[in-house]
Amino acid sequence: MTNPPSEPPPPTVDEPIAADTLPVRIAAAEAMRRLNHAMVAHETDPELLQRIAREANATAAIVEAGARRQRPIRQMKTQLWQTTPEEGQRLAHFEECMVSGRANPMGIAMQPRRQGDRIVADVNFGAAFEGAPKRAHGGAVAAVMDDIMGYVLLLTATPAFTGRLSISYRAPTPVQTDLVASAWMDRRDGRKVFLVGDLRTAEGDLIAEADALFVAIPRERLT
Ligand SMILES: CCCCCCCC/C=C\CCCCCCCC(=O)SCCNC(=O)CCNC(=O)[C@H](O)C(C)(C)COP(=O)(O)OP(=O)(O)OC[C@H]1O[C@@H](n2cnc3c(N)ncnc32)[C@H](O)[C@@H]1OP(=O)(O)O
């Protein structure tokens, strides 16, 4: 598997906070995702759980007292479509995306990048994404395939919404395992963009196949 070009790691909690708070948001979201999965995957003393509840509620109250954030819609309508992603480039359409956003504290944190005419992503479903025993929830798998197919639209600068999404679950999706999702365009018929993709183990064994119809829309409708 080829790794994307290396990026600076998120700062540790002790580093000074830069004017751009994104790296700190990412670090905080990463820590919260780690805790979420740890709570599901490990036995925990009731006293520690009580402490977690107390401290999380106290912290939430402080955060909720802050100003409301606005989703950067303008960026999604303009910049996102202005340049074609470069080979190997780590992609993010929205850093709080529940599938591929690094700054979403309860997301899957899939890491998509361009590979030729395809989008390829490393994905690892943490313990909190278990559905059927030892398997990632089928809806989480569908979310990954929907999102990665969405990134294919960037290659042709075609804003579109998912109209129909179909998943064939061919084998159990293991949790806590490095997997690879891929997606590419099958064909286009006017506004109808037909995308396909799959999810495989790191060794290349097929887990799930996806096909979808995305309907192209004018950028102004991306609200
Ligand atoms: C997070 C969102 C950001 C998205 C922005 C893209 C950024 C990309 C960059 C980076 C990756 C992003 C990753 C995101 C991935 C996740 C994407 C989502 O989750 S999208 C949200 C879920 N989907 C909806 O909310 C759609 C709800 N539905 C609608 O808004 C409309 O129904 C829409 C736009 C799909 C179509 O409505 P009309 O009025 O514009 O078009 P009409 O005239 O009805 O259809 C045109 C043609 O398409 C067919 N069609 C339309 N909808 C269909 C459907 N549901 N199934 C089958 N065919 C359908 C029709 O039959 C028609 O075909 P004929 O020309 O007659 O041959």
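Counting convention: from 1, in listed order, for ligands and their atoms alike. Both backbone and side-chain heavy atoms feed into the values below; hydrogens, waters and symmetry mates do not. From a predicted model like this one, the values you see are computed outputs, not experimental measurements.
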Linked, directly or transitively: Ile119 and Phe94 (ILVMFWY side chains, under 4.5 Å): no

Nearest-0.5 Å distance, CG of residue Asp189 to NZ of residue Lys192: 5.0 Å

Could you check, using the six-membered ring where one of them is a Trp, whether Phe129 and His37 have ring centers closer than 6.0 angstrom? yes

For Arg114 and Thr84 the tightest heavy-atom approach is NH1-CG2, 3.5 Å

Would you please name every residue forming a salt bridge (charged side-chain N to carboxylate O under 4.0 Å, His left out) with Arg188, sequence neighbours left out? none

When you measure from the side chain of Glu30 to the backbone N and O of Ala27, does any donor-acceptor pair fall under 3.5 Å? no

Report the nearest protein non-hydrogen atom to atom 19 (O) of ligand 1: residue, atom name, distance rounded to 0.1 Å. Asp146 OD2, 3.4 Å

In this structure, atom 40 (O) of ligand 1 is nearest to the protein heavy atom Arg191 NH2, 2.6 Å

Under the criterion salt bridge (Lys or Arg N to Asp or Glu O under 4.0 Å), I'd like the reasoning laid out for Arg170 against Asp198: C-alpha separation, chi angles, the key distance, then a yes or no. CA-CA 10 Å; Arg170 301 291 186 191; Asp198 61 34; over 6 Å; no

Could you tell me if any non-hydrogen atom of Met149 lies under 4.0 Å from any atom of ligand 1? no

Atom 8 (C) of ligand 1: closest protein heavy atom, distance to 0.1 Å, is Trp81 CH2, 3.5 Å

Looking at atom 61 (O) of ligand 1, would you say a protein heavy atom lies below 4.0 Å from it? no

Do ligand 1 and Gly163 have nitrogen or oxygen atoms that lie under 3.5 Å from each other? yes

Using a 4.0 Å heavy-atom cut-off, say whether Thr162 meets ligand 1 through its side chain, its backbone, both or neither. both

Among Thr173, Asn124, Asp205, which residue satisfies the side-chain contact (heavy atoms from CB on, under 4.5 Å) criterion with Leu179? Thr173

Does the protein place a non-hydrogen atom closer than 4.0 angstrom to atom 28 (N) of ligand 1? no

Under the 4.0 Å line, does any protein heavy atom show up next to atom 57 (C) of ligand 1? yes

Please write down residue, atom name and distance for the protein heavy atom closest to atom 11 (C) of ligand 1. Gly150 C, 3.3 Å

Checking heavy atoms under 4.0 Å, the part of Leu154 that sits near ligand 1 is side chain

May I ask you to test the Ile108-Val144 pair for a side-chain heavy-atom distance under 4.5 Å? yes

the protein heavy atom lying closest to atom 14 (C) of ligand 1 turns out to be Asp147 OD1, 3.8 Å

What protein heavy atom is closest to atom 30 (O) of ligand 1, reported as residue, atom name and distance in Å? Phe161 CD1, 3.9 Å

Measure from atom 36 (C) of ligand 1 to every heavy atom in Leu213, Val152, Leu153, Val215 and give the option owning the shortest one. Val215

Of all protein heavy atoms, the one nearest atom 67 (O) of ligand 1 is Lys192 NZ, 2.7 Å

Within this structure, what is the CD-CZ distance for the pair Glu130 and Arg135, rounded to the nearest 0.5 Å? 10.5 Å

Please identify which atoms of ligand 1 are closer than 4.0 Å to at least one heavy atom of Tyr151. 11 (C)

Taking 4.0 Å as the limit for heavy-atom contacts, which would you say applies to Leu91 with ligand 1: side chain only, backbone only, both, or neither? neither

Should Leu195 and Val215 be regarded as members of a common hydrophobic cluster, given that ILVMFWY residues are connected when their side-chain heavy atoms come within less than 4.5 Å of each other, either directly or indirectly? no

Expected output: side-chain Arg33 to main-chain Asn104 donor-acceptor under 3.5 Å: yes

What protein heavy atom sits nearest atom 37 (O) of ligand 1, and how far away is it? Arg221 NH2, 4.1 Å

Less than 4.0 Å between atom 24 (C) of ligand 1 and some protein heavy atom, yes or no? yes

